[in-house]
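Only this structure's heavy atoms are used, side chains among them; waters, hydrogens and symmetry mates stay out.
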Protein chains: 2
Amino acid sequence: MPEKIKVYHLEDYKIMREGVKFLLSKDDEIEMVGGSKTADEVYSYLDKNKVDVLILDIYLDGLDVKTVDGFEVCSTVHKKYPDVKVIAHSVYDDADRVARIMNAGAVGFVSKKSGYEELVHAIKVAYTGKKYICIETSKKLKNLNEFLEGMVDTLRSENEFFSNREKEVLELLAKGYSSKDIAKELFITERTVETHRKNMVEKAKVKNTVELVAYASSRGFIKS
Amino acid sequence: MPEKIKVYHLEDYKIMREGVKFLLSKDDEIEMVGGSKTADEVYSYLDKNKVDVLILDIYLDGLDVKTVDGFEVCSTVHKKYPDVKVIAHSVYDDADRVARIMNAGAVGFVSKKSGYEELVHAIKVAYTGKKYICIETSKKLKNLNEFLEGMVDTLRSENEFFSNREKEVLELLAKGYSSKDIAKELFITERTVETHRKNMVEKAKVKNTVELVAYASSRGFIKS
DNA sequence: TAGCTTATCAGGGATTTCCCTGATTTTTGC
DNA sequence: GCAAAAATCAGGGAAATCCCTGATAAGCTA
């Protein structure tokens, strides 16, 4: 099967992250690789991992100290990680904000009033390098469609983070399984399981399995 | 099996309704019976059907003609359908709005910054006839506890589960620290650290530290 | 005051993880 | 079809965790 579109979600409301994560994961072509509520977490994730599409909540009022501005995040991501397509996801769908966010480098705009199919659609369109504005909003802003003009296609490379087998091991680790338990479950030897653990610890640059699971959990690698 | 708690959701953002519907449906005791974006749809549903809990987004800016006020909806529901427990679900978690909505007859308040487990918890508490305010918000309003006194039955404290010392240990564990490392950091013996770990593993009913961290992380006990 | 929780400390031993050294086979990408 | 990545397997030994048995002291509360 072809590689899935790797999607990261920046949004300060946890329940929204949780919901979107599930809804988008229903689509076979999409893989939710992470989600967080601060821009810094996004940057540090993007430094190490490949992400195709970033869903960005424009207004992050932020629990953290400094107030983060969604437009700024968008243009920073656009400059620093040009391969990442940004889709703005917002409750505000007025002309001014849509224009600003598209100028800041977003390739898509989806109102939160729209359902998840709109978001799925926007992601797929963005992935092909085109721009998209959700039906709801574009109806409202039909004079603004000049903004939807061609953009340069970007390159892509980088590698996957955890392999499928590693992810299987990871999930069982998070359930409290020992290497021996996992070996039985997956019909491989304990040694192999240990190798997978070791490799993941190295990849994630963490000290041990406990931190690995904390790391993976906070980035949404572990289902539950 | 006992009957499920029938939950209706009033919320003007479709994607949020979709997400919440799934997230809450994962719980065996909860049944999502409906959801809509206007108050009128709620009323007509309540006229014909039994609903135990109504999740109410306080500010419905509303695509529909007349602007609907969440506080008004709350008090209308409270008077007209006294058996329906209203839980306010909002992005605004300031003292003023919390107080107003509780006075308008809500039995629970959950910030959208909280995850779905908080909503699940609030629903179950509400169903038993008690009042509840989410951790996030009650932390924020802790100086205003005078006004919360008597108004709420369950101010779920974080200490409900792990003690402060245990949480300190937990945070360091999630950073990959060994018992020895933690002992140095906290100026206690390795043995004591081990006891804290053991106690947490027992409390959380998990198999080992790895699962403990996965458990804690998914419930937001670990900052980062 | 009696009982509960929290926080501290400890020995001994079984089990597990971690770390170093390797290796072969299978799958996948170009 | 070749090279790279992923998946498999292995020994040996140090370190850490896990599991059982305890204990003491402080603080809260009914």
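- If you measure from atom NZ of Lys167(A) to atom C1' of dA6(D), you get 13 Å, rounded to the nearest angstrom.
- Regarding Met200(B), its CE atom lies at a distance of 11 Å from the P atom of dC18(D), rounded to whole Å.
- Look at CG on Asn164(A): it is 17 Å from P on dA5(D), rounded to the nearest Å.
- When each of dC9(D), dA7(D), dT8(C) is scored by its nearest atom to the side-chain atoms of Thr192(B), the top-ranked nucleotide is dT8(C).
- Distance, Glu202(B) CD to dC19(D) C1': 10 Å, rounded to whole Å.
- Ser44(A) and Asp47(A) share no donor-acceptor pair across their side chains, judged by distance under 3.5 Å alone.
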How far apart are the C-alpha atoms of Lys112(B) and Asp57(B), what are their side-chain angles, what is the distance that settles it, and do they pass the salt bridge (charged side-chain N to carboxylate O under 4.0 Å, His left out) test?
CA-CA 9 Å; Lys112(B) 284 186 182 173; Asp57(B) 178 34; 3.0 Å; yes
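- Separating the CD atom of Glu166(B) from the C1' atom of dT5(C) is a distance of 10 Å, rounded to the nearest angstrom.
- Taking the six-membered ring for Trp and thresholds of 30 and 60 degrees, Phe22(A) and Phe22(B) have nearly parallel ring planes, at less than 30 degrees apart.
- A salt bridge does not link Lys175(A) with Glu185(A): none of the charged nitrogens is closer than 4.0 Å to a carboxylate oxygen.
- In this structure, the CD atom of Glu211(B) is 14 Å from the C1' atom of dC18(D), given to the nearest Å.
- Phosphate contact (OP1/OP2 of dT8(C), side-chain N/O of His196(B), threshold under 4.0 Å): present.
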Contact string for nucleotides 11-30 of chain C, one letter per nucleotide 5' to 3', B = base within protein heavy-atom range under 4.0 Å, S = sugar-phosphate only, - = neither, reads BB---SBBB-----------
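- Qualifying ring pair (Phe, Tyr, Trp, His ring centres under 6.0 Å) partners for Tyr127(B), counting only residues two or more places apart in sequence or in other chains: none.
- Between Tyr132(B) and His121(B), the two ring planes are perpendicular [angle over 60°; tilted spans 30° to 60°].
- The side chain of Thr189(A) places an N or O atom within less than 4.0 Å of a non-bridging phosphate oxygen (OP1 or OP2) of dC9(D).
- In this structure, CG of Asn199(A) is placed 14 Å from P of dC9(D), rounded to the nearest angstrom.
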